[in-house]
**Q** 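The structure follows.
Being a predicted model, the structure only gives us computed values, none of them experimental.
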Amino acid sequence: VFGKDINLILVLSNLSSDRKSVRVDMSASTILYTRRAVAEILKAATSVELGPKQGKHIRVKIPYTHYGKYLTTDKRIQVTALCEVMRAHGLKLLVEKTIILEDTNIIIKLPRRVVVNKAVSLEISYANPLPEPVSRCVLLVTLMNQQVKINLARLAPRERSKIYFEFTPRRAGPLQLQVDFSCDKFSHVKGFVTIAVAPA
């Protein structure tokens with residue numbers, strides 16, 4: 001989840017009946033959706049001894065403080081592990097994993113029934129998932145081809161807050177509400193719901 005430390009486990013297994021010595025070079029970078037690297041956020045190397053038919057786990061932790069300021073709006077991190085079996089004539093194995101961090105910031109609560117030409121009040125809650133305060137918070141609400149910009153108060157670390165948004169639907173049928181939350185530390189955290197508007 002965006003704003004939290006990332007914990008990974010690399011599993012190495014020796015399927016042979018011989019003892020193996022493996023060197024593991026690990027790296028991680030924030031990337032764009034095109035897979036182009038933005039910034040390297042982790043570089044580590046370790047060696048592992050594997051007995052016959054033995055498996056071992058290598059734990060890797062990427063703290064938020066390492067990746068936070070380098071993350072793009074794509075919220076993607078690519079982790080690679082180059083595993084080289086020593087004294088095995090250059091036998092290497094490359095493992096790659098792309099992590100897409102999830103947003104859990106926006107929650108939209110609807111009333112049980114929404115009817116044409118009757119005022120509706122929605123609850124929109126938003127959060128700061130980071131271990132540091134955020135300011136210049138803005139909520140952009142898009143509904144019925146109109147946008148409303150709402151300036152919000154700063155949020156303390158891990159704080160959740162909410163506002164109430166009122167509107168009156170003018171026609172029956174599905175209506176999409178989109179919410180976009182931005183602040184000085186991250187931008188374009190989105191949430192949306194489809195509202196079923198009943199006839200009057």
Side-chain angles (χ1 to χ4, degrees), residues 1-108 125-135 137 155-160 179-192:
V1 176
F2 172 61
K4 296 194 175 174
D5 296 348
I6 299 167
N7 292 290
L8 305 168
I9 297 174
L10 175 66
V11 181
L12 293 178
S13 297
N14 179 8
L15 303 178
S16 75
S17 53
D18 300 322
R19 190 170 189 80
K20 302 286 185 188
S21 180
V22 182
R23 176 184 165 84
V24 182
D25 290 303
M26 299 199 70
S27 65
S29 298
T30 56
I31 60 169
L32 300 172
Y33 75 95
T34 57
R35 292 175 59 97
R36 188 169 73 83
V38 175
E40 188 172 70
I41 54 173
L42 172 79
K43 197 165 184 66
T46 188
S47 292
V48 179
E49 293 293 327
L50 294 172
K53 310 290 184 186
Q54 185 185 19
K56 282 191 179 175
H57 292 184
I58 298 175
R59 295 184 182 277
V60 181
K61 183 176 182 176
I62 307 174
Y64 166 74
T65 52
H66 287 198
Y67 74 79
K69 62 184 175 185
Y70 300 112
L71 208 58
T72 69
T73 52
D74 296 325
K75 295 185 176 62
R76 291 171 187 252
I77 293 174
Q78 182 153 339
V79 182
T80 60
L82 180 62
C83 307
E84 183 178 2
V85 182
M86 310 309 285
R87 300 181 299 278
H89 308 294
L91 182 61
K92 294 180 181 179
L93 174 68
L94 180 67
V95 180
E96 285 188 334
K97 171 81 174 170
T98 300
I99 301 164
I100 303 173
L101 299 176
E102 291 179 9
D103 284 322
T104 55
N105 289 3
I106 304 288
I107 299 170
I108 303 166
S125 80
Y126 52 95
N128 171 15
L130 308 183
E132 57 189 327
V134 296
S135 58
C137 302
L155 291 173
R158 313 277 187 217
E159 183 184 0
R160 180 170 282 280
V179 178
D180 187 308
F181 178 57
S182 294
C183 65
D184 64 331
K185 300 284 194 315
F186 55 86
S187 59
H188 304 304
V189 174
K190 296 182 187 296
F192 69 91

**Q** Looking at residues at least two apart in the chain, or sitting in another chain, which of them share a side chain to side chain donor-acceptor pair (under 3.5 Å) with Thr98?
**A**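 Residues passing side chain to side chain donor-acceptor pair (under 3.5 Å) with Thr98: none at all.
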**Q** Name the atoms and distances for all side-chain donor-acceptor pairs under 3.5 Å in residues 37-50, with sequence neighbours left out.
**A**
residue: Glu49; atom: OE2; partner: Ser21; partner atom: OG; Å: 2.9

**Q** CG of Leu82 to CD of Glu96: how many Å apart, nearest 0.5 Å?
**A**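 Leu82 CG to Glu96 CD: 10.5 Å, rounded to 0.5 Å.
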**Q** How about Lys69: does its NZ atom have over 12 heavy atoms from other parts shown lying under 6.0 Å from it?
**A**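 12 or below, so no.
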**Q** Taking all non-hydrogen atoms of both residues into account, name the closest pair between Ala127 and Leu155 and its distance.
**A**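 Answer, listing the atom of Ala127 first, then Leu155: C-CD1, 4.0 Å.
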**Q** Among residues at least two apart in sequence or on other chains, which ones pass side chain to side chain donor-acceptor pair (under 3.5 Å) with Ser135?
**A**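 So Ser135 forms a side chain to side chain donor-acceptor pair (under 3.5 Å) with Asp184.
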**Q** Mind listing the closest non-hydrogen atom pair of Ala156 and Asn128 along with its distance?
**A**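 Residues Ala156 and Asn128, closest heavy atoms: O-ND2, 3.0 Å.
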**Q** Can you say whether the rings of Phe186 and Phe181 are parallel (under 30°), tilted (30 to 60°) or perpendicular (over 60°)?
**A**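 Aromatic pair Phe186/Phe181 classed perpendicular.
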**Q** Any sub-3.5 Å donor-acceptor pair from Ser13's side-chain atoms to Leu15's backbone N or O?
**A**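 Absent.
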**Q** Do Val60 and Ile6 come within less than 4.5 Å of each other through their side chains, counting heavy atoms only?
**A**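 Heavy-atom side-chain distance check fails, nothing below 4.5 Å.
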**Q** If you measure from OH on Tyr67 to CG on Asp5, what distance do you get to the nearest 0.5 Å?
**A**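 It is 7.0 Å, given to the nearest 0.5 Å.
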**Q** Walk me through it: do Val22 and Lys56 pass the test side chain to side chain contact (heavy atoms under 4.5 Å, CB included)?
**A** CA-CA 11 Å; Val22 182; Lys56 282 191 179 175; over 6 Å; no
**Q** Rounded to the nearest 0.5 Å, what separates atom CD1 in Ile62 from atom CG in Leu8?
**A**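 Answer for the CD1-CG pair, Ile62 versus Leu8, is 5.5 Å.
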**Q** Quick one: does Val79's side chain get under 4.5 Å of Met26's, heavy atoms only?
**A**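 In short, these two side chains touch, coming nearer than 4.5 Å.
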**Q** Would you indicate whether the side-chain heavy atoms of Val189 and Lys75 approach each other to under 4.5 Å?
**A**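 A side-chain contact exists here, since the closest heavy-atom pair is under 4.5 Å.
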**Q** Once you round to the nearest 0.5 Å, how far does NZ of Lys61 lie from NE2 of His66?
**A**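 It is 9.5 Å, given to the nearest 0.5 Å.
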**Q** Counting only heavy atoms not in Lys97, do more than 12 sit closer than 6.0 Å to its NZ atom?
**A**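 At most 12 heavy atoms, drawn from other residues, nucleotides or ligands, come within 6.0 Å of this atom.
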**Q** Drop me the distance from Arg76's CZ to Leu71's CG, to the nearest 0.5 angstrom.
**A**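 Those atoms lie 11.0 Å apart.
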**Q** State which residue, out of Thr30, Ile100, Ile31, fulfils the side chain to side chain contact (heavy atoms under 4.5 Å, CB included) condition with Ile77.
**A**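 Going through the options one by one, the only one that passes is Thr30.
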**Q** With rounding to the nearest 0.5 Å, note down the distance linking NZ in Lys190 to CG in Asp180.
**A**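 Lys190 NZ to Asp180 CG: 3.5 Å, rounded to 0.5 Å.
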**Q** Are the side chains of Asn14 and Leu12 in touch, meaning some heavy atoms are under 4.5 Å apart?
**A**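 Asn14 does not reach Leu12 side chain to side chain.
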